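Notes for the one structure printed next.
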Protein chains: 2
Amino acid sequence: MQRIKLADVARAAGVHPGTASRALNPQTREQVSPATVRRVTRAAQRLGYVPNSVARGLRTARSFLIGMVVPDVTNPLFPPMVRGAEKVLTQAGYTLVLTDTDNDAATERRQIELLRARGTDGFIVATARWEDDLLAEIAAAGVPAVLVNRNTASAELPYVGGDERTGVRLAVDHLVALGHRHIAHLGGPADTSTGRERAAAFRQSVLQHGLPATDLVWACAAYTEQAGAEAAGHLLASGREFTAVVAGNDLIAFGVLDTLTRAGRSCPGEVSLIGFNDMPHLDKLAPPLTSVALPLAEMGAQAARILLARVDAPGREPPTQSLLGVELKVRASTAPVT
Amino acid sequence: MQRIKLADVARAAGVHPGTASRALNPQTREQVSPATVRRVTRAAQRLGYVPNSVARGLRTARSFLIGMVVPDVTNPLFPPMVRGAEKVLTQAGYTLVLTDTDNDAATERRQIELLRARGTDGFIVATARWEDDLLAEIAAAGVPAVLVNRNTASAELPYVGGDERTGVRLAVDHLVALGHRHIAHLGGPADTSTGRERAAAFRQSVLQHGLPATDLVWACAAYTEQAGAEAAGHLLASGREFTAVVAGNDLIAFGVLDTLTRAGRSCPGEVSLIGFNDMPHLDKLAPPLTSVALPLAEMGAQAARILLARVDAPGREPPTQSLLGVELKVRASTAPVT
DNA sequence: GTGAAAGCGCTAACAC
DNA sequence: GTGTTAGCGCTTTCAC
């Protein structure tokens with residue numbers, strides 16, 4: 001394999017390599033007579049010709065490589081996004097390169113530089129910080145890039161995410177409908193758009209219901225179980241009354257649940273709990289966790305589509321900001337207030 | 001950026017591009033006088049030269065790209081392996097390309113061909129089937145490749161996996177110690193080495209304990225919750241007595257648990273259950289699932305190391321087969337027989 | 001509509 | 001030690 005080259009196909013079809021190239025490339029196929037196209041296509045098929053994308057890339061200054069930058073594939077939030085992107089990219093003849101950064105700024109920079117040196121055609125970035133120098137540089141340099149899941153303050157790059165505000169509103173509405181009036185939010189870190197958006201939406205939703213509980217809002221240090229546990233500890237220590245918690249994501253919810261349990265507060269008996277992201281298998285937990293589901297795969301796919309459009313037509317249109325629909329998955333961790 | 005080319009550096013340093021190339025390449029640096037090396041290095045630094053790996057790849061037929069082929073990153077079994085491999089590869093200057101195949105033979109072939117066309121230097125393959133034509137071809141063609149997690153019957157490629165047999169033995173020993181004498185195995189599909197190995201090890205372990213239960217073995221159609229549920233249905237329908245189940249993996253265990261619950265058999269009250277792979281958050285389930293943990297990240301890392309050794313020195317040594325240690329995580333889904 | 005020729009940026013073989 | 005010369009396999013002017 002990878003033996004047969006364009007010249008071989010051309011020889012077999014009895015044409016010049018240049019002609020064979022034109023015949024095989026959809027873009028230039030019209031410049032060639034249908035008969036020749038057929039002959040070349042046949043020959044290519046028969047010989048099992050697979051174009052050498054390295055050579056092609058050298059000539060066209062394109063690598064057909066797209067870098068996807070995530071904090072950690074091990075976090076179940078990201079694999080669906082990766083797969084969504086992968087599908088679109090593969091279909092378009094691109095190859096996905098995956099990089100984990102562990103939310104470390106230096107690693108992010110190093111990896112992206114590395115991929116840029118490789119001639120990567122563009123980036124799908126799921127690691128955006130609210131204030132992000134690296135992404136600002138990337139935007140300034142005109143490197144094709146699309147953000148998923150997390151946005152930046154400046155919003156100068158295209159972004160695809162879930163409709164966080166609606167998600168939070170659904171969660172709060174649900175709790176209010178169950179009779180809760182003292183609802184806390186233990187949200188994500190303030191250096192992520194998701195953390196900020198969800199917290200802002202929480203405040204707003206609570207106000208809209210005429211509840212006074214705006215001081216029951218915490219930003220956890222990270223989207224981790226441990227950070228959630230700590231935040232819940234602070235909440236308990238504060239002595240404030242609460243009967244429900246909207247967590248920044250499912251991992252935070254896990255930590256919250258753990259702390260509550262240790263403190264002898266049952267869920268959903270005494271405290272109702274809602275997560276975010278709807279990780280797989282939440283229905284099997286004790287108690288099954290109510291969570292806001294984001295269309296992760298579609299987010300990845302959409303990001304890939306927008307990126308490819310940018311790569312193929314490197315105009316400087318204003319960056320699109322698209323928010324995809326979310327859904328509240330109601331499970332047993334939320335119950336009527338007693 | 002990616003503007004400055006070798007010729008620019010050479011011009012700035014007052015040498016021929018060929019010389020500049022030699023000076024910059026660690027492999028050939030000794031052929032150049034130290035003074036020249038310094039001048040070239042300086043110039044490169046000053047201009048911010050970043051080598052164009054596409055051009056380099058075209059000339060050297062090396063891409064510094066390694067393909068990792070997994071069934072589905074969405075399955076929590078694989079992300080840790082990906083990260084383990086990624087770490088080693090990045091450190092060695094290679095870039096990881098990820099491909100999901102959904103266990104579909106045609107997709108596997110297509111993706112691998114595609115990556116080969118890209119000049120991928122080697123493959124880490126986590127999708128091996130017990131009889132695998134594609135991998136046989138790859139081995140025959142001398143394409144550098146290493147298998148992780150799943151092996152092939154022919155064992156003609158290097159392989160890194162967990163010590164399945166020990167894992168199963170630990171599980172069975174544990175159940176026997178709890179007094180169980182009627183233990184079933186609802187294992188993985190027979191076209192995977194893991195399915196076969198675990199089933200064989202199960203039979204052997206059971207025999208070693210002098211238990212007669214060798215007919216309580218099923219191969220599920222897939223490593224999925226649904227397949228597990230179906231297999232459990234068959235087991236129940238067979239009317240055979242059993243007080244414990246060793247599942248082929250955690251997902252199968254989920255399906256088994258579901259079927260058992262629906263059938264009114266409590267776990268661990270009436271049936272003890274053990275999974276395989278120790279997915280994250282199993283301790284939060286109801287009941288917390290006992291499972292055999294594999295060193296997934298280390299498997300990925302080890303596979304990457306072996307692959308790189310092959311890529312750098314493409315000799316034809318006999319393929320190493322390494323088995324890494326496993327651990328039984330005992331949780332509440334296993335209890336003494338009543 | 002097709003052939004000819006000129007490279008993309010780099011490295012490796014061969015001179016000197 | 002360094003310059004020279006050829007390409008790697010492809011695309012893309014430019015002729016005809």
Side-chain angles (χ1 to χ4, degrees), chain A residues 1-41 43-44 47-65 93 116-121 312, chain B residues 1-41 43-44 47-65 93 114 116-121:
Chain A
M1 332 188 184
Q2 178 63 355
R3 281 268 80 93
I4 284 81
K5 52 191 72 159
L6 187 57
D8 300 329
V9 174
R11 204 173 312 116
V15 295
H16 185 92
T19 307
S21 170
R22 285 183 283 248
L24 258 20
N25 188 328
Q27 295 275 40
T28 52
R29 210 195 296 280
E30 299 138 21
Q31 306 170 13
V32 181
S33 81
T36 310
V37 169
R38 202 162 335 112
R39 250 183 316 140
V40 173
T41 319
L47 299 179
Y49 169 68
V50 184
N52 179 330
S53 34
V54 175
R56 191 158 121 101
L58 181 58
R59 183 63 231 236
T60 57
R62 291 286 250 6
S63 65
F64 294 94
L65 246 40
R116 288 244 281 146
R118 283 201 150 286
T120 305
D121 293 334
D312 289 338
Chain B
M1 331 200 177
Q2 178 69 346
R3 282 263 82 91
I4 284 83
K5 52 189 74 161
L6 187 56
D8 300 329
V9 175
R11 201 173 313 115
V15 295
H16 185 94
T19 307
S21 169
R22 283 184 285 249
L24 257 20
N25 188 329
Q27 295 276 38
T28 52
R29 208 194 298 279
E30 299 138 23
Q31 306 169 16
V32 181
S33 82
T36 312
V37 169
R38 201 161 337 110
R39 250 183 317 137
V40 173
T41 318
L47 299 179
Y49 169 69
V50 183
N52 179 330
S53 35
V54 175
R56 191 155 117 101
L58 182 58
R59 180 66 236 225
T60 58
R62 286 289 248 12
S63 63
F64 291 93
L65 246 41
L114 213 79
R116 290 247 280 145
R118 284 203 150 285
T120 306
D121 292 333

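Order of the sequence lines sets the chain letters (A, B, ...), proteins ahead of strands, with each chain counted from 1. Bear in mind the structure is a predicted one, so any value in this text is a computation, not a measurement.
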Would you kindly give the [atom1]-to-[atom2] distance between [X] and [N], to the nearest whole Å?
X	N	atom1	atom2	result
L24(B)	dT2(D)	CG	C1'	15 Å
R38(B)	dT2(D)	CZ	P	12 Å
R118(B)	dC10(D)	CZ	C1'	14 Å
Q31(A)	dC16(D)	CD	P	19 Å
Q27(A)	dC10(D)	CD	P	18 Å
R39(B)	dG1(D)	CZ	C1'	12 Å

*Are D8(A) and R11(A) ion-paired here, with the side-chain N under 4.0 Å from a carboxylate O?*
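Salt bridge between D8(A) and R11(A), a charged N being under 4.0 Å from a carboxylate O: yes.
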
*Measure the spacing between CZ of R39(A) and OG of S33(A) and express it to the nearest 0.5 Å.*
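One finds 7.0 Å between CZ of R39(A) and OG of S33(A).
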
*With a 4.0 Å cut-off on heavy atoms, is V54(B) in touch with a base, just the backbone sugar-phosphate, or nothing at all?*
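If one applies the 4.0 Å heavy-atom cut-off, V54(B) turns out to touch nothing in the nucleic acid.
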
*So which of V9(B), V32(B), L6(B) actually passes side-chain contact (heavy atoms from CB on, under 4.5 Å) with V40(B)?*
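Among the candidates, only V9(B) passes.
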
So, do [X] and [Y] sit near enough that their side-chain heavy atoms are less than 4.5 Å apart?
X	Y	answer
L65(B)	R118(A)	yes
N25(A)	R56(A)	yes
R62(A)	D312(A)	yes

*Which parts of nucleotides 10-16 of chain C does protein reach within less than 4.0 Å, heavy atoms only, written one letter per nucleotide 5' to 3' as B for base, S for sugar-phosphate only and - for none?*
BBBB---

_Quick check on DNA chain D: between V15(B) and L58(A), whose nearest nucleotide comes earlier from the 5' end?_
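Of the two residues, V15(B) wins.
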
